[in-house]
Amino acid sequence: MVVDVFDSGTENKIRLRLIAYGIPLVIVLTFLIIHVSTDSSIYGGELYCWIQGNYIWSFIVPVISVCLVNFVVLVIALRTAFNKSNSTLQVKQSAKQSKTMIIGTMSLTCLLGLTWIFGLLLTISNANVAKIGAYFFTIFNASQGVFIFIFHCWMNKQVRNALRRQIGRASCRERV
């Protein structure tokens, strides 16, 4: 679905690679320079290793920025898919299209990393909220592969049919 929305031409690959690797490099180098020049520890803590003090903004700002950009991408992708489905809308298929849109939204949410919003809960000073955020953050990010499998393989009718054919062929071979 995202492929239909955004052109992935080859002329922008160098520029996109510079952005994708350059921005994190600037953040890491900034931390390194601060650490070496001030001889203070940015990371640390009594219970766990985490960013301390005002340096927490070096986590918050990139996460919010990426989540906002990815949310915009999600809205554009859904709007494009909705417009395509409305052009061939039939009353019978509206429930099926709604289900497809919901599945697409959930899978794109995982793929676009919007689960990092739970990572922002880690920055809240309330220990209970941070703990709940940590659990959700860990569960959703560790389960991304499972979500992608469920939404793009298991729930895909073409994949299920191909799997049935393969299982049928394998069982025929075992009988011989």
Side-chain angles (χ1 to χ4, degrees), residues 1-35 41-45 47-87 97-153 155-156:
M1 181 163 68
V2 179
V3 175
D4 293 336
V5 177
F6 298 103
D7 181 29
S8 58
T10 57
E11 64 271 356
N12 289 329
K13 283 189 178 181
I14 294 174
R15 184 173 57 92
L16 293 175
R17 285 183 182 145
L18 286 173
I19 292 170
Y21 290 106
I23 292 173
L25 181 66
V26 168
I27 293 170
V28 170
L29 287 177
T30 302
F31 266 94
L32 182 64
I33 290 169
I34 291 170
H35 179 69
S41 178
I42 296 170
Y43 291 100
L47 299 175
Y48 48 83
C49 182
W50 189 239
I51 306 169
Q52 294 182 343
N54 286 331
Y55 299 113
I56 194 69
W57 289 102
S58 65
F59 171 77
I60 293 173
V61 171
V63 168
I64 290 175
S65 302
V66 168
C67 285
L68 285 175
V69 169
N70 287 343
F71 182 75
V72 169
V73 169
L74 175 68
V75 169
I76 292 170
L78 291 175
R79 193 174 74 195
T80 302
F82 185 73
N83 288 340
K84 281 186 177 185
S85 68
N86 272 348
S87 63
Q97 288 173 345
S98 297
K99 180 182 173 186
T100 304
M101 291 286 282
I102 290 169
I103 291 169
T105 302
M106 293 173 73
S107 64
L108 279 174
T109 299
C110 294
L111 290 172
L112 292 172
L114 294 179
T115 55
W116 271 83
I117 292 171
F118 293 114
L120 291 175
L121 294 176
L122 297 171
T123 63
I124 295 176
S125 59
N126 184 328
N128 291 329
V129 174
K131 191 173 189 177
I132 291 169
Y135 281 117
F136 278 116
F137 179 70
T138 303
I139 290 167
F140 282 120
N141 283 313
S143 302
Q144 277 187 345
V146 174
F147 290 146
I148 292 168
F149 170 75
I150 289 170
F151 294 127
H152 288 285
C153 296
M155 296 181 93
N156 187 324

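Note that this is a predicted model, so its numbers are computed, not measured.
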The side-chain contact (heavy atoms from CB on, under 4.5 Å) partners of Y135 (sequence neighbours excluded) come to K131
Practice task
Tell me, yes or no, whether the heavy-atom count around F118 atom CZ, taken from other residues, nucleotides or ligands under 6.0 Å, exceeds 12.
Solution key: yes
With V72 as partner, the option from V69, I76, L68 fulfilling side-chain contact (heavy atoms from CB on, under 4.5 Å) is I76
One should read off an interatomic distance between N141 CG and F136 CZ, to the nearest 0.5 angstrom, of 13.0 Å
Nearest heavy-atom approach of V63 to W116 is CG1-O, 3.8 Å
In terms of heavy-atom contacts, I19 and P24 come closest through O-CD, 4.1 Å
Across all chains, not counting sequence neighbours, the side-chain contact (heavy atoms from CB on, under 4.5 Å) partners of N128 are N126
CD1 (I27) and CG (L32) are apart, to the nearest 0.5 Å, by 14.0 Å
